[in-house]
S.K.: 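Okay, here's the structure, questions in a sec.
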Amino acid sequence: MQIKTRFAPSPTGFLHIGGVRTALFCWLFARHAGGKFVLRIEDTDARRSTPESIDAILQGLEWVGLDWDEGPVFQSDRFARYTELATALLARGQAYHCYCTPEELAAMREAQIAAGQNPRYNRKCRDGAAPRAGISPVVRFKTPRDGEITIHDAVRGPVVYANAELDDLVIMRADGSPTYHFSVVIDDADMQITHVIRGDDHLNNTPRQINLIEALGFGRPEYAHLPMILGEDGTRLSKRHGAVNILEYREQGYLPDAVLNYLVRLGWSHGDQELFTLDEMIELFRLEDVNASASRFSSEKLAWLNQQYIIRSPAAELAPGLDAQLRAIGLDPDSGPAVADVIEGFRERATTLRELAEACGYLYRDFDAFEAKAAKKHLRPVIRDGLNDLREAFAELGGWEAAAIQATIQAVADRRELGFGKLGQPLRVAVTGGGVSPPIDVTIELVGRERSLTRIDAALAYIDARAAAAEHR
RNA sequence: GCUCCCUUCGUCUAGCGGUUAGGACACGGCCCUCUCAAGGCUGAAACACGAGUUCGAUUCUCGUAGGGAGCGCCA
């Protein structure tokens, strides 16, 4: 049997981290088994579905690299099929027309809650109701009144529900469109989905769907309900905290593989391993290793993983991303060193490509002033001669590579009887404007000869002005 | 309210009857060191509670508490 999973988002908003995790697990399971992964858009509710959401979902999945083998299948293209099966259920007496109005149902629900009862449809129309003028009926499914449904969930084990707890759900709306429960069940069967892997929030829906499956004469898929991902504060992910569009992570300079690596460890583990290549994930992923409890999203751990990926990825792979980040913050990548070289120098110092771009700004744009604190501490008259020697030595230096630059600094430091750092740190401030950068030789190489010389000149002028000011006091 | 699910360091997790309860992030210390990082070593830090089952429970069962989900002509 061909293993087949599906990711079935509804296009009513952007794709967020929770959706990506669900898609990832579906994808991993299918890839591991050599099966198929299908993308299906659940857009039966025309009022809430938007083309922008569809676009955001497709883009998001493409960005993280979760590619699908079939689809996207749109449920809105399959209405004829749903109608056909609803008609069949009606004909067989397994479903019925219900003329209760939304207002009546709402009132009923309220009354039930007020009376401390379980809110559910009272089955008023179940045994035949006369058509009411001006009201187009919905179709309701006749849920069995007794018996029970046992789900054998791959992550939770057996879960039992009594049919008596369930009510008769609407399967076709008054406007003739199908509802979620009806369309999922039909599509999963028609598409021959073998494993339904989805969020925990669907566990309670499963017995209703199984009753429908049985009425329709379909076979049951295997089920796996994944634990939820909570926001950083431990509450449900929502627009207010954490539930940002997955594409935001791209904007912020996260790497798709790092995001997937982070997500795969939320609810799944393989011993103590933290870092997984995509191939390893595929090879090692098993539903039995998915745990059942909800987890919190941690942006700190994501940041750490992203840094690990930045450190380990070939510079050439990272270069386009850094290029884009530089442009995004208003820098011109062509006005400085090759971005791949910058990555080599900065990769251990940045958590995201955005951060990296921000840290290396002085390579692409001149700065107006030295950072006050760093300048005060390091650009002092005592170091003037040393800096001046450095300036001259750099001007005459044959090549412009880190090793030669390092040797030059060392030579000047020796001649002036200074520790390397005593000279290096003032030089760093002179050339970068601040006190933090990659190793000074690498930094100077990246800044370039011309810029380095003019910046050292500026530092010398700064020191002179400072000395003059001190004298006048 | 009813039904269902969940519960190991602050967080992500390993554990699948007998362990000094392991790893990772974050945090502290030390080392390395031209700054900042990265890296190495190291420290503090957890089995929600109560009953059972058992020679023995973090592990199995049942309660309690806490958290979550569902109960739509949303998905």
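Chain naming here is simple, since letters A, B, ... match the order of the sequence lines and numbering starts at 1 in each.
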S.K.: A:Ile113 CD1 to B:G72 P: how many Å, rounded?
M.R.: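 Rounded to the whole Å, the gap is 8 Å.
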S.K.: Please name the nucleotide paired to B:C62 by Watson-Crick or G-U wobble geometry with both distances under 3.5 Å, or report none.
M.R.: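 Its partner is B:G50 (Watson-Crick or G-U wobble, both distances under 3.5 Å).
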S.K.: Flag the pair A:Arg296 and A:Asp233 as a salt bridge only when some basic side-chain nitrogen lies within less than 4.0 angstrom of an acidic carboxylate oxygen.
M.R.: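 The answer is no: the pair does not qualify as a salt bridge.
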S.K.: So which nucleotide from B:A75, B:C25, B:A14 ends up closest to the side chain of A:Ser10?
M.R.: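 Per side-chain heavy atoms of A:Ser10, the pick is B:A75.
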S.K.: Scan every strand shown for a Watson-Crick or G-U wobble partner of B:G18, both distances under 3.5 Å, and answer none if you come up empty.
M.R.: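 B:G18 is paired with B:C55.
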S.K.: Toward the 5' end of RNA chain B, which comes first, A:Pro439 or A:Leu266, by nearest nucleotide?
M.R.: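 The 5'-side residue here is A:Leu266.
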S.K.: Can you tell me how far C1' in B:A46 sits from the matching atom in B:G10, rounded to whole Å?
M.R.: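 Their C1' atoms lie roughly 10 Å apart.
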S.K.: So which protein nitrogen or oxygen atoms get under 3.5 Å of nucleotides 21-24 of chain B's nitrogens or oxygens?
M.R.:
from	atom 1	to	atom 2	distance (Å)
B:G22	N2	A:Asp272	OD1	2.8
B:G23	N2	A:Glu274	OE2	3.1
B:A24	O4'	A:Glu274	OE2	3.3

S.K.: Round to the nearest Å and state the distance from A:Phe141 atom CZ to B:G72 atom C1'.
M.R.: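 Atom CZ in A:Phe141 sits about 18 Å away from atom C1' in B:G72.
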S.K.: Going by side-chain contact (heavy atoms from CB on, under 4.5 Å), A:Asp168 matches just one of A:Arg208, A:Arg145, A:Arg126, A:Lys124. Which one?
M.R.: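 It is A:Arg126; the other options fail the test.
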S.K.: For A:Arg428 and A:Gln425, which I'm curious about, is there any donor-acceptor pair between the side chains at under 3.5 Å?
M.R.: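 The criterion, which ignores hydrogens and geometry beyond distance, is satisfied for A:Gln425 and A:Arg428.
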S.K.: Would you say the ring centers of A:Tyr262 and A:Trp304 fall short of 6.0 Å from each other?
M.R.: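 Aromatic pair excluded; centres sit 6.0 Å or further apart.
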S.K.: Calculate the interatomic distance between A:Phe297 atom CZ and B:C25 atom P; express it in whole Å.
M.R.: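 My rounded result for the distance is 17 Å.
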S.K.: Taking 4.0 angstrom as the limit, do A:Glu42 and A:Arg198 come out as a salt bridge?
M.R.: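 No, A:Glu42 and A:Arg198 are not salt-bridged.
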S.K.: Kindly check if the number of other-residue, nucleotide or ligand heavy atoms within 6.0 Å of CD (A:Glu288) is above 12?
M.R.: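 Yes.
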S.K.: So what does A:Asp175 hit on the nucleic acid, given a heavy-atom distance under 4.0 Å: a base, only sugar-phosphate, or nothing?
M.R.: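 Contact class for A:Asp175: none.
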S.K.: A:Pro227 near the nucleic acid: base, sugar-phosphate alone, or nothing, with a heavy-atom cut-off under 4.0 Å?
M.R.: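 The residue A:Pro227 makes no contact with any strand.
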S.K.: Rounded to whole Å, please give me the gap between CG in A:Leu105 and P in B:C71.
M.R.: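 Whole-Å distance recorded here is 15 Å.
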S.K.: More 5' along RNA chain B: A:Tyr262 or A:Asp43, using each one's nearest nucleotide?
M.R.: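 Counting from the 5' end, the first nearest nucleotide belongs to A:Tyr262.
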S.K.: Please tell me whether A:Arg354 and A:Gln325 have a donor and an acceptor in their side chains that are separated by less than 3.5 angstrom.
M.R.: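 Checked: A:Arg354/A:Gln325 side chains pair up, N/O donor to acceptor below 3.5 Å.
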S.K.: Quick check on side chain to side chain donor-acceptor pair (under 3.5 Å): which of A:Thr83, A:Thr44, A:Asp190 does A:Arg78 satisfy it with?
M.R.: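 That would be A:Asp190.
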S.K.: Answer with base, sugar-phosphate or nothing: what part of the nucleic acid does A:Arg40 contact at a heavy-atom distance below 4.0 Å?
M.R.: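 Result for A:Arg40 = nothing.
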S.K.: Roughly how far apart, to the nearest Å, are B:U3 and B:C9 at atom C1'?
M.R.: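 Taking atom C1' in both B:U3 and B:C9, they lie 33 Å apart.
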S.K.: Less than 4.0 angstrom between a side-chain N/O of A:Ser269 and OP1 or OP2 of B:A14, yes or no?
M.R.: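 Result: yes.
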S.K.: In terms of side-chain heavy atoms, does A:Asn211 have a donor or acceptor partner in A:Tyr161 at a distance below 3.5 Å?
M.R.: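 No donor-acceptor contact under 3.5 Å links the two side chains.
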S.K.: Can you tell me which residue pairs pass the salt bridge (Lys or Arg N to Asp or Glu O under 4.0 Å) test with a partner in residues 152-166 of chain A, sequence neighbours excluded?
M.R.: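 Listed by first then second residue: A:Arg120-A:Glu165, A:Arg156-A:Asp200.
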S.K.: Shorter than 3.5 Å, N or O on both sides, protein versus nucleotides 1-6 of chain B: list them out with atom names.
M.R.:
from	atom 1	to	atom 2	distance (Å)
B:G1	O2'	A:Gly116	O	3.2
B:G1	N2	A:Asn118	OD1	2.7
B:C2	O2'	A:Asn118	ND2	3.4
B:C2	O2'	A:Glu165	OE1	3.3
B:C4	O2'	A:Tyr161	OH	2.9
B:C5	O2'	A:Arg156	NH1	2.5

S.K.: Base, sugar-phosphate, or nothing: which does A:Asp45 touch, judged by heavy atoms less than 4.0 Å apart?
M.R.: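 If one applies the 4.0 Å heavy-atom cut-off, A:Asp45 turns out to touch the sugar-phosphate alone, with no base involved.
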S.K.: If I take atom CG in residue A:Asn261 and atom C1' in nucleotide B:C12, what distance separates them, rounded to the nearest angstrom?
M.R.: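 One finds 12 Å between C1' of B:C12 and CG of A:Asn261, rounded.
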S.K.: Does any nucleotide pair with B:G39 by Watson-Crick or G-U wobble geometry, both distances under 3.5 Å, and what is it?
M.R.: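 Partner of B:G39: B:C31.
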S.K.: Reckon A:Ser295 has a side-chain N or O less than 4.0 Å from the OP1 or OP2 of B:U13?
M.R.: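 Yes, such a contact exists.
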S.K.: If the condition is side chain to side chain contact (heavy atoms under 4.5 Å, CB included), which residues does A:Pro337 pass it with, not counting sequence neighbours?
M.R.: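 By the side chain to side chain contact (heavy atoms under 4.5 Å, CB included) rule, A:Pro337 matches A:Val342, A:Leu363, A:Tyr364, A:Leu446.
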S.K.: So that I know where these two stand, are A:Phe37 and A:Phe7 an aromatic pair - ring centroids less than 6.0 Å apart?
M.R.: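 They do not qualify: ring centres at least 6.0 Å apart.
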S.K.: Considering residues, nucleotides and ligands other than A:Asp175, do more than 12 of their heavy atoms fall under 6.0 Å from its CG?
M.R.: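 Count over threshold, so yes.
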S.K.: Could you tell me if the ring centre of A:Phe25 sits under 6.0 Å from that of A:Phe285?
M.R.: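 Yes.
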S.K.: Taking the six-membered ring where the residue is Trp, are the ring centres of A:Phe297 and A:His16 under 6.0 Å apart?
M.R.: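 So the answer is no for these two rings.
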S.K.: Sort out the partner of B:A24 for me: Watson-Crick or G-U wobble, both distances under 3.5 Å, none otherwise.
M.R.: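 Pairing partner, where one exists within any strand: B:U11.
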S.K.: Could you check how far CE of A:Met228 sits from P of B:U7, rounded to whole Å?
M.R.: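 Whole-Å distance recorded here is 15 Å.
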S.K.: Side chains of A:Gln75 and A:Asp187: any donor to acceptor distance under 3.5 Å?
M.R.: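 A pair is found: one side chain offers a donor N or O, the other an acceptor, under 3.5 Å apart.
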S.K.: Under 4.0 Å, heavy atoms only, any strand: does A:Thr44 hit a base, just the sugar-phosphate, or nothing?
M.R.: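 Since only primed, P, OP1 and OP2 atoms lie under 4.0 Å of A:Thr44, the category is sugar-phosphate.
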S.K.: Give me the residues of residues 422-437 of chain A where at least one heavy atom lies under 4.0 Å from an atom of RNA chain B, by number, or none.
M.R.: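 Hits under 4.0 Å, by residue number: A:Gln425, A:Arg428, A:Gly435, A:Val436, A:Ser437.
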S.K.: For atom C1', what is the distance between B:C2 and B:U11, given to the nearest Å?
M.R.: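 So the two C1' atoms sit 33 Å from each other.
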S.K.: Name the nucleic acid region contacted by A:His202, choosing base, sugar-phosphate or nothing; use a 4.0 angstrom heavy-atom cut-off, strictly under.
M.R.: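 Base contact.
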S.K.: Identify whether any heavy atom of A:Gly267 sits under 4.0 Å from a base atom; if not, whether one sits that close to sugar-phosphate; answer base, sugar-phosphate or nothing.
M.R.: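 Since only primed, P, OP1 and OP2 atoms lie under 4.0 Å of A:Gly267, the category is sugar-phosphate.
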S.K.: Got a donor-acceptor pair under 3.5 Å from the side chain of A:Asp201 to the base of B:A75?
M.R.: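 No such pair is found, so the answer is no.
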S.K.: Just checking, is any N or O donor in the side chain of A:His195 or A:Glu222 under 3.5 Å from an acceptor N or O on the other one?
M.R.: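 No, because no side-chain N or O of A:His195 sits under 3.5 Å from a partner of the opposite role on A:Glu222.
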S.K.: If I pick the C1' atom on B:U58 and the same atom on B:C49, what distance separates them, to the nearest angstrom?
M.R.: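 After rounding to an integer number of Å, I get 14 Å for this pair.
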S.K.: Counting just side-chain N and O atoms, does A:Arg48 come under 4.0 Å of either OP1 or OP2 of B:A75?
M.R.: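 Checking A:Arg48 against B:A75: no side-chain N or O falls below 4.0 Å of OP1 or OP2.
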S.K.: Taking CG from A:Leu15 and P from B:A75, how many angstroms apart are they, rounded to a whole number?
M.R.: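 Interatomic distance, CG of A:Leu15 to P of B:A75: 18 Å.
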S.K.: Provide the Watson-Crick or G-U wobble partner of B:G70, both distances under 3.5 Å; none if there is no partner.
M.R.: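 Paired with B:G70, as far as the under-3.5 Å criterion goes, is B:C2.
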S.K.: For a quick check of understanding: with a heavy-atom distance under 4.0 Å over all strands, which category does A:His270 fall into, base, sugar-phosphate or nothing?
M.R.: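 Contact class for A:His270: none.
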S.K.: Calculate the interatomic distance between A:Leu305 atom CG and B:C12 atom P; express it in whole Å.
M.R.: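 Roughly 15 Å, once rounded to whole Å.
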S.K.: Specify the residues of residues 347-356 of chain A, ordered by number, for which at least one heavy atom lies under 4.0 angstrom from an atom of RNA chain B.
M.R.: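 Under 4.0 Å from RNA chain B: A:Glu348, A:Arg349.
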S.K.: A:Phe420 side chain: which of B:A75, B:G72, B:C34 is closest?
M.R.: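 Of the candidates, B:C34 comes closest.
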S.K.: When we call it a touch if two heavy atoms are under 4.0 Å apart, what does A:Glu288 touch: a base, just sugar-phosphate, or nothing?
M.R.: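 Nothing, no heavy atom under 4.0 Å.
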